[in-house]
Amino acid sequence: MAASSSFFAAPIPNAYHSSSALQRPQLCLFSKRFSSVTISASSKVGDEVSASIGFLGLGIMGTPMATNLLKAGCDVTVWNRTKSKCDPLISLGAKYKSTPEEVAASCDVTFAMLADPESAFEVAAGPQGAAKGMSAVKGYVDVSTVDAPTSKQIGERIKETGAMFLEAPVSGSKKPAEDGTLIFLTAGDQPLYEKVSPLLDIMGKSRFYLGDVGNGAAMKLVVNMIMGSMMASFSEGLLLCEKAGLDPSDLVKVVSQGAISAPMFSMKGPAMIQSLYPTAFPLKHQQKDLRLALELAESVSQPTPIAAAANELYKVAKSNGLSDQDFSAVIEALRSKLGHQTE
Ligand SMILES: NC(=O)C1=CN([C@@H]2O[C@H](COP(=O)(O)OP(=O)(O)OC[C@H]3O[C@@H](n4cnc5c(N)ncnc54)[C@H](OP(=O)(O)O)[C@@H]3O)[C@@H](O)[C@H]2O)C=CC1
Ligand SMILES: O=CC(=O)O
């Protein structure tokens with residue numbers, strides 16, 4: 001890899017890094033001639049990185065993340081199972097390869113943003129998976145939301161090739177992905193974390209380094225377990241308002257003023273009242289995250305009755321055809337008779 005050795009050697013000063021507006025990473029130079037980018041990041045001002053970047057998985061999240069890398073001038077090669085989703089990126093200057101293996105073989109660092117543990121493993125370690133194209137001095141960064149055991153398996157397959165591995169699931173939805181304000185929850189090879197930090201800073205506003213592989217995955221599941229329960233509780237509140245003769249719009253305003261305010265309630269509440277669920281975070285993924293969080297809780301004997309109840313609601317919503325709607329559509333599981341059904 002054409003990265004300077006100092007890029008791998010620097011210690012991590014803090015587990016948490018936040019990019020303020022003044023500190024946002026800036027692309028200083030893009031040289032097509034040398035097929036490289038020079039990136040100056042907040043934490044490593046002046047460092048130069050030359051890297052070709054692979055991006056596997058161009059769904060709701062992968063597309064804007066890869067787009068931001070391209071717009072910052074990075075040399076990006078893309079792959080997606082459904083090839084047509086690569087076209088907008090190709091029109092912005094991305095290269096295309098027809099398998100994850102070929103992407104990994106042609107890039108220094110490859111990011112993957114896949115739907116679930118099964119697809120993340122398949123793309124990383126399947127017959128034409130990225131591991132087949134990896135070798136020493138390359139890196140693989142899995143930003144999908146998966147469980148810790150799957151992440152460890154992916155990490156093992158990648159590291160068998162001599163390459164480095166970082167798990168880096170993100171908190172933040174479609175809009176933060178578009179705005180480059182995601183929160184990265186990383187764990188794994190520290191030198192790779194250092195290497196890709198300027199790239200994470202293009203796609204996100206903050207990053208945490210949490211140690212061994214599995215810790216980032218677990219932290220992401222805890223966060224999304226809380227989020228799923230919050231949305232289910234908020235849904236109950238909106239419907240209780242309606243039944244009690246109160247205006248649910250007033251609830252959204254009241255909640256926004258106090259200690260339980262959350263951007264999610266203000267952003268999604270008005271649409272939920274109109275039964276509109278434009279998809280930012282698909283409901284099927286929220287249910288997947290609750291299921292995986294419950295497995296995590298089980299593995300450490302931690303009771304999570306609120307999350308277990310919320311999970312049942314998301315399952316009802318899924319079985320009623322709402323998988324691809326936004327996760328706020330879970331409110332539909334509480335309307336009328338739906339709440340009494342199970343999968
Ligand atoms: N949306 C959100 O707000 C957030 C999502 N996440 C997490 O990020 C990940 C991606 O989410 P998102 O972009 O919303 O999901 P999407 O459903 O929009 O995209 C999923 C991606 O995975 C690919 N994929 C699915 N199954 C397979 C398979 N068997 N083999 C190869 N590729 C496959 C899809 O390819 P194809 O196009 O061919 O279907 C697509 O590229 C998930 O783990 C999710 O939990 C994390 C934070 C926020
Ligand atoms: O995983 C979803 C998110 O909004 O974060």
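Scope of the values below: all heavy atoms of this structure, side chains included, with no hydrogens, waters or symmetry mates. Start at 1 and go down the list; that is how both ligands and their atoms are numbered.
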### Message
Taking side-chain hydrogen bond (donor to acceptor under 3.5 Å, both in side chains) as the cut-off, I'd like each qualifying pair that reaches into residues 251-274, sequence neighbours left out, listed once.
### Response
K268-D326
### Task
Without swapping roles, check the side chain of K318 against the backbone of L283 for a donor-acceptor pair under 3.5 Å.
no
### Summary
re atom 1 (N) of ligand 1, the protein heavy-atom contact at minimum distance is A280 O, 2.8 Å
### Task
With salt bridge (Lys or Arg N to Asp or Glu O under 4.0 Å) as the test, would you mind laying out the steps for D108 and K195 before giving the verdict?
CA-CA 11 Å; D108 298 318; K195 176 175 174 50; 5.7 Å; no
#### Entry: L58-ligand 1 polar pair, N/O distance under 3.5 Å
yes
Check ligand 2 against the protein and report each N/O to N/O distance under 3.5 Å, formatted as atom name, atom name, distance.
unit_1: ligand 2; atom_1: 1 (O); unit_2: K220; atom_2: NZ; d: 2.7
unit_1: ligand 2; atom_1: 1 (O); unit_2: N224; atom_2: ND2; d: 2.8
unit_1: ligand 2; atom_1: 5 (O); unit_2: G172; atom_2: N; d: 2.9
unit_1: ligand 2; atom_1: 5 (O); unit_2: K220; atom_2: NZ; d: 3.0

### Query
Given T82, I183, L221, which one has a non-hydrogen atom that is nearest to atom 38 (O) of ligand 1?
T82
### Query
Using 4.0 Å as the upper bound for N to carboxylate O, is an ion pair formed by K95 and D75?
yes
### Query
Would a distance-only check, ignoring hydrogens and angles, find a side-chain to backbone donor-acceptor pair under 3.5 Å from E167 to A217?
yes
#### Entry: Residue, atom name and distance, where the atom is the protein heavy atom closest to atom 7 (C) of ligand 1
T145 OG1, 3.4 Å
### Query
Does an N or O from S173, backbone or side chain, lie closer than 3.5 Å to an N or O of ligand 1?
yes
### Task
Could you say whether the N/O atoms of M61 and ligand 1 ever approach to under 3.5 Å?
yes
### Summary
for atom 39 (O) of ligand 1, nearest protein heavy atom and its distance come out as R81 NH2, 2.9 Å
### Task
Walk me through it: do M134 and R157 pass the test side chain to side chain contact (heavy atoms under 4.5 Å, CB included)?
CA-CA 10 Å; M134 302 297 295; R157 295 298 186 92; over 6 Å; no
### Query
Which atoms from ligand 1 have a heavy atom of G57 less than 4.0 Å away?
41 (O)
### Query
Do any nitrogen or oxygen atoms of G172 lie less than 3.5 angstrom from nitrogen or oxygen atoms of ligand 1?
no
#### Entry: Qualifying residue for side chain to side chain contact (heavy atoms under 4.5 Å, CB included) with D289, from F327, F281, Y314
F281
#### Entry: E295 and R291 ion-paired at < 4.0 Å
yes
### Task
Quick one: pull up NZ in K220 and CZ in F208 and give me the separation to the nearest 0.5 Å.
12.5 Å
#### Entry: Per-atom contacts of ligand 1 with K85, taking only distances under 4.0 Å to non-hydrogen atoms
36 (P), 37 (O), 39 (O)
## Note on the structure
re atom 19 (O) of ligand 1, the protein heavy-atom contact at minimum distance is G59 CA, 3.4 Å
### Summary
In this structure, atom 23 (C) of ligand 1 is nearest to the protein heavy atom L114 CD1, 3.8 Å
### Message
With rounding to the nearest 0.5 angstrom, report the OG to CG distance, S119 to L56.
### Response
11.0 Å
### Message
Measuring from atom CD1 of I226 to atom OG of S233, what distance do you get when rounded to the nearest 0.5 angstrom?
### Response
13.0 Å
### Message
For ligand 1 and M113, I'd like to know whether there is a polar contact (N/O to N/O, distance under 3.5 Å).
### Response
no
### Query
Starting from atom 41 (O) of ligand 1, which protein heavy atom do you reach first, and at what distance in Å?
N80 OD1, 2.6 Å
#### Entry: Verdict with reasoning, E312 to K315, per side chain to side chain contact (heavy atoms under 4.5 Å, CB included)
CA-CA 5 Å; E312 292 306 314; K315 284 164 63 181; 3.2 Å; yes
### Task
Kindly indicate, with the supporting measurements, whether the criterion side-chain hydrogen bond (donor to acceptor under 3.5 Å, both in side chains) is fulfilled by S98 and E102.
CA-CA 7 Å; S98 58; E102 288 174 46; 3.1 Å; yes
## Note on the structure
shortest atom 15 (O) of ligand 1-to-protein heavy-atom contact is with H285 NE2, 3.1 Å
### Query
Is E178 salt-bridged to K175, cutoff N-O under 4.0 Å?
no
### Query
For ligand 1, which atoms, with element, lie under 4.0 Å from some heavy atom of P282?
1 (N), 14 (O)
### Task
Do me a favour and list the nearest non-hydrogen protein atom to atom 44 (C) of ligand 1 with residue, atom name and distance?
K288 NZ, 3.8 Å
### Task
State whether the shortest distance between N or O atoms of V123 and N or O atoms of ligand 1 falls below 3.5 angstrom.
no
### Task
Without swapping roles, check the side chain of N68 against the backbone of A177 for a donor-acceptor pair under 3.5 Å.
yes
